Q: 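Below is one structure. I have some questions about it.
On a predicted model such as this, the values are computed, not experimentally measured, just so you know.
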Amino acid sequence: MFSLEFGEDKIVCNTDQSVDSTGAKRVWDAGLALAKYFERNVYKGLNIKGKKCVELGAGVGLTGLTLHKLYDCPLISTDLPIMIPLLQHNIGMNQNLNTQIPAVACVLDWTEDCLPSHEGVDWSDIDIIVATDCIYREKFIPDLVNTMKRLASML
């Protein structure tokens with residue numbers, strides 16, 4: 001279990017520190033750094049309140065959950081199929097209780113040529129794409145870049 005406090009707000013993420021081939025089920029330094037950046041700048045003119053966010057290679061979802069919780073950003077948190085149950089659980093633990101801001105987890109395979117259809121996911125009108133610590137092998141970089149291009153075309 002990982003917990004990050006932002007004044008009166010708190011983000012809680014279940015993690016799994018067991019060794020696997022990706023290490024995806026843990027909080028990585030870059031995700032933590034970006035979450036803290038967003039927290040430090042929440043009242044300093046960072047104009048992203050309510051902007052629709054897609055998080056790529058979300059892992060446990062810390063960065064996207066920070067945007068969702070502190071900025072009321074509708075969130076599409078994506079990763080490989082093995083991560084979706086953990087992402088769904090973490091979203092459920094951190095859902096903004098005082099708003100109706102949507103947050104969903106869905107599979108996004110970067111090797112696919114199109115964005116998947118998934119219940120509750122609307123790929124249109126994306127405002128923000130975030131990705132931290134999501135590449136662990138160089139061979140995946142072209143697929144990530146192509147996925148970012150597809151998503152950027154929705155901006």
Side-chain angles (χ1 to χ4, degrees), residues 1-6 9-39 42 48-112 114-137 140-141 143-148 150-152 154-155:
M1 179 76 76
F2 178 83
S3 177
L4 185 60
E5 293 187 21
F6 300 120
D9 283 312
K10 181 197 262 188
I11 307 267
V12 179
C13 292
N14 274 352
T15 59
D16 179 353
Q17 297 300 327
S18 64
V19 177
D20 68 6
S21 64
T22 67
K25 296 180 181 179
R26 60 172 288 195
V27 174
W28 290 92
D29 291 343
L32 180 58
L34 190 55
K36 288 182 176 181
Y37 170 83
F38 288 137
E39 187 270 334
V42 72
I48 58 175
K49 186 160 182 71
K51 303 290 185 181
K52 187 175 183 180
C53 173
V54 172
E55 182 177 18
L56 300 176
V60 299
L62 177 64
T63 305
L65 287 169
T66 300
L67 289 168
H68 179 69
K69 193 136 191 163
L70 297 182
Y71 292 89
D72 293 331
C73 290
L75 173 64
I76 303 170
S77 191
T78 70
D79 212 308
L80 296 173
I82 194 169
M83 293 304 300
I84 299 306
L86 182 59
L87 273 171
Q88 288 171 328
H89 178 78
N90 287 343
I91 287 170
M93 289 194 313
N94 293 283
Q95 189 76 36
N96 283 341
L97 298 177
N98 60 344
T99 67
Q100 296 300 315
I101 310 299
V104 296
C106 75
V107 173
L108 181 58
D109 183 343
W110 303 341
T111 64
E112 298 292 323
C114 60
L115 298 172
S117 59
H118 185 277
E119 185 177 338
V121 174
D122 177 6
W123 296 106
S124 64
D125 302 321
I126 295 167
D127 299 302
I128 302 167
I129 302 167
V130 294
T132 60
D133 288 317
C134 64
I135 291 288
Y136 53 95
R137 291 195 183 120
F140 296 126
I141 293 172
D143 296 325
L144 173 61
V145 170
N146 288 332
T147 298
M148 289 177 145
R150 278 192 299 281
L151 290 169
M154 310 299 259
L155 296 174

Q: Could you tell me the separation between the CG atom of Leu108 and the CD1 atom of Ile76, rounded to the nearest 0.5 Å?
A: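 Reported to 0.5 Å precision, the distance equals 9.5 Å.
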
Q: Would you give the length of the straight line joining atom CD1 of Ile141 to atom SG of Cys134, rounded to the nearest 0.5 angstrom?
A: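 SG of Cys134 is found 9.5 Å from CD1 of Ile141.
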
Q: Using the side chain to side chain contact (heavy atoms under 4.5 Å, CB included) rule, pick out the option among Asn90, Ile82, Ile84 that qualifies with Leu86.
A: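 Considering Asn90, Ile82, Ile84, a side chain to side chain contact (heavy atoms under 4.5 Å, CB included) with Leu86 is found only for Asn90.
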
Q: Would Cys73 and Phe38 satisfy side-chain contact (heavy atoms from CB on, under 4.5 Å), going step by step from the backbone distance to the final call?
A: CA-CA 12 Å; Cys73 290; Phe38 288 137; over 6 Å; no

Q: Please name the pair of heavy atoms, one in Pro116 and one in Trp123, separated by the smallest distance, quoted to 0.1 Å.
A: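 What the structure gives for the nearest pair is O-NE1, 2.7 Å.
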
Q: For the NE2 atom of His68 and the CD1 atom of Ile101, what is their distance to the nearest 0.5 Å?
A: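 One finds 7.0 Å between NE2 of His68 and CD1 of Ile101.
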
Q: What residues, two or more places apart in sequence or in another chain, satisfy side-chain hydrogen bond (donor to acceptor under 3.5 Å, both in side chains) together with Thr111?
A: Asp109

Q: Are any side-chain N or O atoms of Lys52 and backbone N or O atoms of Ser124, one a donor and one an acceptor, separated by less than 3.5 Å?
A: yes

Q: Could you pull out the closest heavy-atom pair between Ile91 and Ser77, with the gap in Å?
A: CD1-CB, 4.2 Å

Q: So, taking the atom named CG in Leu67 and the one named CD1 in Ile48, what distance separates them when rounded to the nearest 0.5 Å?
A: 5.0 Å

Q: Within the distance-only criterion (no hydrogens, no angle test), does the side chain of Trp110 pair as donor or acceptor with the backbone N or O of Met148 below 3.5 angstrom?
A: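 No; zero donor-acceptor contacts below 3.5 Å.
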
Q: Indicate the atoms forming the closest heavy-atom contact of Glu112 with Arg150, along with that distance.
A: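 In terms of heavy atoms, the two residues are closest at O-NH2, 2.8 Å.
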
Q: Taking atom CG of Leu34 and atom OG1 of Thr132, what is their separation to the nearest 0.5 Å?
A: 6.0 Å

Q: If you round to the nearest 0.5 Å, how far is CG of Leu62 from CG of Asn94?
A: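 Going from CG on Asn94 over to CG on Leu62, the span is 9.0 Å.
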
Q: So, the side chain of Thr78 versus the backbone of Glu55: is there a donor-acceptor pair under 3.5 Å, distance only?
A: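 Confirmed, Thr78 side chain pairs with Glu55 backbone.
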
Q: Minimum heavy-atom separation for Ala105 and Leu87, please, with both atom names.
A: CB-CB, 3.7 Å

Q: Check salt bridge (charged side-chain N to carboxylate O under 4.0 Å, His left out) between Lys49 and all other residues, then give those that pass, not counting sequence neighbours.
A: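 Lys49: salt bridge (charged side-chain N to carboxylate O under 4.0 Å, His left out) contacts with Asp72.
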
